[in-house]
Amino acid sequence: MDKGMLAADLEGLPEEDKHRMATLIDQLQIRDSLRMYNSLVERCFTDCVDTFQRKALTKQEDSCVRRCAEKFLKHSMRVGMRFAELNQGAATQD
């Protein structure tokens, strides 16, 4: 979340409330980041790891996990950029 936009949205609140809201927003962002990471790990592991015969991944599994993670992160970045574009468009319409 843009801290400048946050400051403008919370301008009329007392300092204590501003601090409380900023802390809450930071906690929500951390939670969302952890959820995304856990989703990435679960999805790529399920799709790519077939056997447990070795401690390390096979070359094929390693390659699959790397491709899966790269696709997931690129998709997440694209969705985030699109969401920001839509938010910016909605803000200019107000």
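If you're wondering where the values come from, they're calculated on a predicted model, not measured in any experiment. Hydrogens, waters and symmetry mates play no part in the numbers below; they use all other heavy atoms, side chains included.
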Working to the nearest 0.5 angstrom, can you tell me the gap between [X] [atom1] and [Y] [atom2]?
X	Y	atom1	atom2	answer
Thr23	Leu28	OG1	CG	11.0 Å
Glu61	Cys44	CD	SG	12.5 Å
Arg31	Asp26	CZ	CG	13.0 Å
Leu86	Met81	CG	CE	12.0 Å
Leu73	Met77	CG	CE	8.0 Å
Lys71	Arg43	NZ	CZ	9.0 Å

Joint hydrophobic cluster, Phe45 plus Leu57, side-chain heavy atoms closer than 4.5 Å
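Both belong to a single hydrophobic cluster.
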More than 12 foreign heavy atoms under 6.0 Å from CZ of Arg66: is that the case here?
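Open.
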With a 6.0 Å cut-off (strictly less than), is the heavy-atom count around CZ of Arg54, excluding the residue itself, greater than 12?
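Open: at most 12 neighbouring heavy atoms sit under 6.0 Å from CZ of Arg54.
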Taking Lys18 first and then Glu15, would you say they form a salt bridge - that is, a charged N and a carboxylate O separated by under 4.0 Å?
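Result for this pair is yes, salt bridge flagged.
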Please assess Cys64 against Arg67 for the test side-chain contact (heavy atoms from CB on, under 4.5 Å), listing each intermediate value before the final yes or no.
CA-CA 5 Å; Cys64 179; Arg67 271 194 321 274; 4.2 Å; yes
What pairs with Gln60 under side chain to side chain donor-acceptor pair (under 3.5 Å), at least two apart in sequence or on another chain?
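Listed in chain order: nothing, the list is empty.
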Do Val79 and His75 come within less than 4.5 Å of each other through their side chains, counting heavy atoms only?
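Touching, per the 4.5 Å side-chain cut-off.
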When you measure from the side chain of Ser39 to the backbone N and O of Arg35, does any donor-acceptor pair fall under 3.5 Å?
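No, Ser39 side chain to Arg35 backbone: no donor-acceptor pair under 3.5 Å.
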Got a donor-acceptor contact below 3.5 angstrom from the Ser63 side chain to the Lys59 backbone?
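Checking the backbone N and O of Lys59 against the side chain of Ser63, no donor-acceptor pair under 3.5 Å is found.
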Test side-chain contact (heavy atoms from CB on, under 4.5 Å) applied to Glu85 and Gln88, step by step:
CA-CA 5 Å; Glu85 290 170 4; Gln88 195 171 34; 5.6 Å; no
Determine, step by step, whether Cys68 and Cys48 satisfy the disulfide bond (SG atoms under 2.5 Å apart) criterion, reporting the C-alpha distance in whole Å, the side-chain angles of both residues, the deciding distance to 0.1 Å, and the verdict.
CA-CA 8 Å; Cys68 178; Cys48 298; 4.9 Å; no
